[in-house]
Protein chains: 2
Amino acid sequence: MPDHLSATFAALADPTRRAILARLALGETSVTELAEPFEMSMPAISKHLKVLEHAGLISRGREAQWRPCRLEAAPLKDIAGWVDYYRRFWEESFDRLDDYLRKLQATAPKPQEKKNARKHR
Amino acid sequence: MPDHLSATFAALADPTRRAILARLALGETSVTELAEPFEMSMPAISKHLKVLEHAGLISRGREAQWRPCRLEAAPLKDIAGWVDYYRRFWEESFDRLDDYLRKLQATAPKPQEKKNARKHR
DNA sequence: GAGTTAATTAACTAATTAGTTAAATAAACG
DNA sequence: CGTTTATTTAACTAATTAGTTAATTAACTC
């Protein structure tokens with residue numbers, strides 16, 4: 001995985017892993033307890049944890065024979081930062097050209113002209 | 001892909017696809033122009049676009065022989081909503097048990113324990 | 001030391017992903 | 001019509017992923 005944002009997104013792309021994070025939001029816990037809600041073998045959970053750890057989303061301690069997992073939210077902050085850049089696109093501000101065009105399109109159903117929208121970079 | 005959040009996260013887990021979205025944030029454009037910055041064949045880009053479209057992150061029109069792509073931000077709003085739940089974990093509020101313990105651990109037991117020097121933003 | 005509990009590693013398989021090149025489709029152009 | 005331009009589909013390959021069962025490591029308990 002090249003960059004750390006990709007690793008984080010990839011880790012979050014699995015519902016089991018997101019459920020694990022949701023559980024850890026309630027507090028640190030063991031692998032066995034994390035595994036319990038899932039119809040899945042322990043090694044499968046272990047692998048999911050490894051993916052989460054690799055992405056920096058959890059850390060693992062050691063306490064006797066348990067390896068308690070803890071949520072680490074720093075990568076989530078990066079995700080929030082990344083996605084926030086796009087906020088304006090879902091908050092429907094009508095001051096951008098794009099939205100202007102979108103509005104035009106909504107009101108004038110059949111634009112005949114081939115508007116040369118291609119720009120040079 | 002089961003749920004739509006997973007599909008969105010998976011789509012965002014690739015740097016090429018994120019770059020495509022970044023380009024589309026500047027405005028609607030053609031597949032060829034989207035492909036240009038990448039050392040990658042057109043079919044490869046076409047597949048990336050299909051992934052993005054499947055996740056609802058872009059929509060495609062038709063204008064003569066071009067299929068202009070447009071950013072669709074609704075799924076990003078869902079991502080923002082999901083990640084926002086975890087905001088308290090990176091904003092270091094010290095009113096939770098977890099953070100209390102974390103603080104104890106940082107100050108008390110072992111002098112050469114790693115300092116846990118996370119910064120506020 | 002033997003057994004129990006917690007978790008990981010090894011070895012394997014099936015499915016998915018990300019890329020390739022070559023062929024096909026679709027619309028515009030002369 | 002045949003050609004050009006834009007894009008997709010087909011067919012293939014290599015790498016990665018998500019899961020399995022069996023074996024292993026590690027620490028505690030008797």
Side-chain angles (χ1 to χ4, degrees), chain A residues 1-3 5-21 23-24 28-55 57-70 111-121, chain B residues 1-21 23-24 28-55 57-70:
Chain A
M1 193 84 55
D3 56 310
L5 211 49
S6 294
T8 307
F9 275 124
L12 297 176
D14 185 287
T16 300
R17 289 195 288 263
R18 290 198 306 278
I20 288 173
L21 292 184
R23 169 61 189 83
L24 290 179
E28 194 170 317
T29 192
S30 70
V31 176
T32 304
E33 193 179 330
L34 281 175
E36 211 168 307
F38 306 102
E39 292 177 348
M40 206 179 288
S41 66
M42 283 290 283
I45 298 295
S46 205
K47 283 184 180 183
H48 280 305
L49 292 176
K50 193 177 280 183
V51 172
L52 290 169
E53 190 177 26
H54 204 83
L57 284 161
I58 66 169
S59 62
R60 290 195 264 191
R62 158 150 295 216
E63 197 177 313
Q65 67 259 224
W66 298 276
R67 286 147 186 89
C69 296
R70 165 194 289 275
Q112 202 89 337
E113 25 72 65
K114 172 194 169 185
K115 56 189 175 211
N116 196 352
R118 291 174 54 62
K119 338 171 184 61
H120 289 307
R121 24 167 237 300
Chain B
M1 194 84 52
D3 56 307
H4 113 100
L5 212 49
S6 294
T8 306
F9 275 124
L12 297 176
D14 184 286
T16 301
R17 289 194 288 262
R18 290 199 305 280
I20 288 173
L21 293 184
R23 169 60 189 84
L24 290 178
E28 192 171 318
T29 192
S30 70
V31 177
T32 304
E33 194 178 327
L34 282 174
E36 214 168 305
F38 306 102
E39 293 178 348
M40 204 179 288
S41 67
M42 284 289 284
I45 298 296
S46 204
K47 282 185 180 181
H48 281 305
L49 292 176
K50 194 178 277 183
V51 172
L52 290 168
E53 190 177 26
H54 204 82
L57 285 162
I58 65 169
S59 61
R60 289 196 264 190
R62 162 151 289 218
E63 198 178 316
Q65 68 258 227
W66 296 277
R67 284 147 187 90
C69 297
R70 164 193 291 277

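A, B, ... follow the sequence lines: proteins, then strands. Residue 1 opens every chain. Hydrogens, waters and symmetry mates are skipped; everything else that's a heavy atom, side chains included, is used.
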Subject >> Side-chain donor/acceptor of A:Arg23 to backbone N/O of A:Leu34, under 3.5 Å >> reply: no
Subject >> For atom CE of B:Met42 and atom C1' of C:dA24, their distance in whole Å >> reply: 15 Å
**OP:** Starting from P on D:dT17, measure out to CE on A:Met40 and report it in whole angstrom.
**Re:** 16 Å
**OP:** Name every residue in residues 43-51 of chain B that has at least one heavy atom under 4.0 Å from any atom of DNA chain D, in order of residue number, or write none if there are no such residues.
**Re:** B:Pro43, B:Ser46, B:Lys47, B:Lys50
Original post:
Does the side chain to side chain contact (heavy atoms under 4.5 Å, CB included) test come out yes or no for B:Leu57 and B:Leu12, once each step is laid out?
Top reply: CA-CA 9 Å; B:Leu57 285 162; B:Leu12 297 176; 3.9 Å; yes
Original post:
B:Glu33 CD to D:dT7 C1': how many Å, rounded?
Top reply: 15 Å
Original post:
Can you name the residues that form a side chain to side chain contact (heavy atoms under 4.5 Å, CB included) with B:Gln65, not counting sequence neighbours?
Top reply: none
Subject >> Euclidean distance, atom CG of residue B:Leu12 to atom P of C:dT17 [Å, nearest integer] >> reply: 14 Å
Original post:
Should B:Ser41 be listed as having a side-chain N or O under 4.0 Å from OP1 or OP2 of C:dT20?
Top reply: yes
**OP:** Could you check which residues of residues 58-68 of chain A get a heavy atom under 4.0 Å from DNA chain C? Sort them by number, please.
**Re:** A:Arg60, A:Gln65, A:Trp66, A:Arg67
Subject >> Separation of D:dA6 P from B:Leu34 CG (nearest whole Å) >> reply: 13 Å
Subject >> Length of the line joining A:Ile20:CD1 and C:dA7:P, which is rounded to integer Å >> reply: 12 Å
Original post:
Whole Å only: how far is the CG atom of B:Asp14 from the P atom of D:dT16?
Top reply: 14 Å
Subject >> side chain to side chain contact (heavy atoms under 4.5 Å, CB included) partners for B:Met42, two or more places apart >> reply: B:Val31, B:Thr32, B:Ala35
**OP:** Locate the shortest heavy-atom distance separating B:Ile58 from B:Leu49; write the atom from each residue and the value.
**Re:** CD1-O, 3.5 Å
Subject >> Listed once per pair and sorted, the side chain to side chain donor-acceptor pair (under 3.5 Å) pairs that draw on residues 34-43 of chain A, sequence neighbours left out >> reply: none
**OP:** Rounded to 10°, tell me the angle between the two end axes of the helix from C:dG1-D:dC30 to C:dG30-D:dC1, each built from five pairs.
**Re:** 10°
**OP:** Specify the closest pair of heavy atoms between A:Arg62 and A:Ala64, including all atoms of both residues, with the distance to one decimal.
**Re:** CG-O, 3.9 Å
Original post:
5'-most contact on DNA chain C: A:Thr29 or B:Arg17, nearest heavy atom basis?
Top reply: A:Thr29
Subject >> Any residue meeting side chain to side chain donor-acceptor pair (under 3.5 Å) with B:Glu53, in chain and number order, not counting sequence neighbours >> reply: B:Arg60
Subject >> side chain to side chain donor-acceptor pair (under 3.5 Å) against B:Ser59, all qualifying residues, sequence neighbours excluded >> reply: B:Glu72
**OP:** Using a 4.0 Å heavy-atom cut-off across all strands, classify A:Thr16 as base, sugar-phosphate, or nothing.
**Re:** nothing
Subject >> Heavy-atom closest pair, residues B:Arg17 and B:Ala10 >> reply: NH2-O, 3.1 Å
**OP:** Go through the structure and list residues passing salt bridge (Lys or Arg N to Asp or Glu O under 4.0 Å) with B:Arg18, not counting sequence neighbours.
**Re:** A:Asp3
Original post:
In whole Å, what is the span from the CD atom of B:Glu36 to the C1' atom of D:dA6?
Top reply: 13 Å
